[in-house]
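A short write-up of the structure that comes next.
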Amino acid sequence: MEILIKNMVCPRCIEAVEDIFTGEKLVAKVELGKVTLPQGISDYEKEKLAQLLQNRGFELLEPGKSALISQIKTLIVDLVHHRGEGIHENLSSYLSEKLNHEYTGLSKLFSSVEGITIERFFTLQKIEKVKEYLFYDELSLSEIAFQMGYSSVAYLSAQFKKETGMTPSEFKKNGQVKRKSLDGI
């Protein structure tokens, strides 16, 4: 039995959900956005899990459109923020394979409900990750471009400026100014 869960966006979320299921003595395989149980559960158990999950900021999703959109978002967030090997996959193929749906259908559904395209959501997530890399100053811009799947530093810089209004260098400089002022307190 597969249970879909909204708001699972990081490895700590997996731990929190595992704790809930372990506390209820349910053996489960927990992944971002979903829990797989070897057998079904009663309506009472499902309601109890829903309340326990809600207490921790999660939400049980009924199969359907909202669950599918949540899965799309979870897969993109995982791809961008939690994979160590970087982004080197075709997004449409990745989502189609993981969700077992045609990409055009996923794209139409996502756009109609969210008001933005899947690609735009993906780009916004990538820009947030680039900001994180720039702030911590551990990678060069060319390493960041490679890690995030950009074909060149120029393309990354252009997209970054389009989304943030500043170049990566300007963003980095602003971040260092803020960090210096905090250190001086």
Side-chain angles (χ1 to χ4, degrees), residues 4-19 30-34 56-59 66 68-99 103-104 106-185:
L4 302 176
I5 301 175
K6 186 176 180 179
N7 299 330
M8 286 182 70
V9 295
C10 67
R12 284 179 295 202
C13 296
I14 291 173
E15 290 176 18
V17 171
E18 282 175 341
D19 288 346
V30 181
E31 302 171 73
L32 278 180
K34 73 178 178 182
R56 296 246 193 130
F58 304 109
E59 181 182 338
S66 64
L68 195 53
I69 289 169
S70 179
Q71 285 181 297
I72 292 168
K73 288 180 175 181
T74 298
L75 286 168
I76 291 172
V77 167
D78 184 46
L79 180 64
V80 173
H81 296 281
H82 304 296
R83 285 225 177 150
E85 67 267 10
I87 301 171
H88 304 289
E89 298 181 55
N90 177 285
L91 181 63
S92 59
S93 300
Y94 174 74
L95 292 175
S96 293
E97 180 185 316
K98 290 286 189 182
L99 297 171
Y103 183 75
T104 53
L106 294 173
S107 181
K108 286 178 185 176
L109 173 65
F110 191 91
S111 296
S112 69
V113 173
E114 293 296 315
I116 63 171
T117 64
I118 290 175
E119 291 81 8
R120 176 112 171 94
F121 181 79
F122 183 55
T123 298
L124 293 172
Q125 291 301 312
K126 285 172 54 172
I127 294 301
E128 287 305 309
K129 187 65 175 180
V130 170
K131 287 179 185 178
E132 182 182 319
Y133 282 137
L134 291 170
F135 184 79
Y136 290 111
D137 199 23
E138 294 173 356
L139 300 174
S140 70
L141 205 50
S142 60
E143 290 170 322
I144 294 171
F146 176 77
Q147 189 76 10
M148 299 309 298
Y150 286 99
S151 57
S152 68
V153 171
Y155 182 53
L156 163 63
S157 296
Q159 197 167 57
F160 190 90
K161 181 158 182 146
K162 179 182 173 191
E163 296 299 334
T164 66
M166 61 182 99
T167 66
S169 299
E170 291 168 337
F171 179 85
K172 200 172 181 177
K173 184 178 176 186
N174 286 344
Q176 288 174 344
V177 169
K178 288 179 186 172
R179 288 177 79 189
K180 284 182 183 175
S181 65
L182 289 174
D183 291 340
I185 293 175

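Just so we're clear, the structure is a prediction, and the values are computed from it rather than from any experiment.
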Starting at [atom1] of [X], measure out to [atom2] of [Y] and round the result to the nearest 0.5 Å.
X	Y	atom1	atom2	answer
Asp78	Cys10	CG	SG	10.5 Å
Glu18	Glu31	CD	CD	10.5 Å
Phe110	Ile76	CZ	CD1	5.5 Å
Tyr150	Leu141	OH	CG	11.0 Å
Leu139	Glu132	CG	CD	10.5 Å
Ile72	Glu114	CD1	CD	9.0 Å

Tell me whether Lys129 at atom NZ has more than 12 heavy atoms from other residues, nucleotides or ligands lying less than 6.0 Å away.
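Yes - once you tally the heavy atoms of other residues, nucleotides and ligands closer than 6.0 Å, there are more than 12.
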Would you please test Gln71 and Thr74 for side chain to side chain contact (heavy atoms under 4.5 Å, CB included) and show each step?
CA-CA 5 Å; Gln71 285 181 297; Thr74 298; 5.6 Å; no
Return the minimal non-hydrogen interatomic distance between [X] and [Y], and the atom names on each side.
X	Y	result
Gln125	Val77	OE1-CG2, 3.8 Å
Cys13	Asn7	SG-O, 3.9 Å
Phe160	Met166	CD2-O, 3.2 Å
Ser112	Leu109	OG-O, 2.9 Å
Leu32	Ile14	N-CD1, 3.9 Å

Please check: side-chain N/O of [X] versus main-chain N/O of [Y], any donor-acceptor pairing under 3.5 Å?
X	Y	answer
Ser96	Tyr103	yes
Thr123	Glu119	yes
Ser111	Lys108	no

Applying side chain to side chain contact (heavy atoms under 4.5 Å, CB included) between Phe171 and each of Val130, Ile127, Leu134, Thr164, report the one that passes.
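That would be Leu134; it is the only one of Val130, Ile127, Leu134, Thr164 passing the side chain to side chain contact (heavy atoms under 4.5 Å, CB included) with Phe171.
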Examine the side chains of Ser169 and Thr167 and answer whether a donor and an acceptor come within less than 3.5 Å of each other.
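No, Thr167 and Ser169 have no side-chain donor paired with an acceptor closer than 3.5 Å.
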Would you check, one step at a time, whether the test side chain to side chain contact (heavy atoms under 4.5 Å, CB included) holds for Val30 with Ile5?
CA-CA 10 Å; Val30 181; Ile5 301 175; over 6 Å; no
Could Glu15 and Arg12 be called an ion pair, given the rule that one side-chain N must be under 4.0 Å from one carboxylate O?
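Looking at Arg12 together with Glu15, the answer is no, because their closest N to O distance does not fall below 4.0 Å.
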Test side chain to side chain contact (heavy atoms under 4.5 Å, CB included) applied to Arg120 and Glu163, step by step
CA-CA 10 Å; Arg120 176 112 171 94; Glu163 296 299 334; 2.7 Å; yes
Apply side chain to side chain contact (heavy atoms under 4.5 Å, CB included) to Leu79 and Phe122, showing your working.
CA-CA 9 Å; Leu79 180 64; Phe122 183 55; 3.8 Å; yes
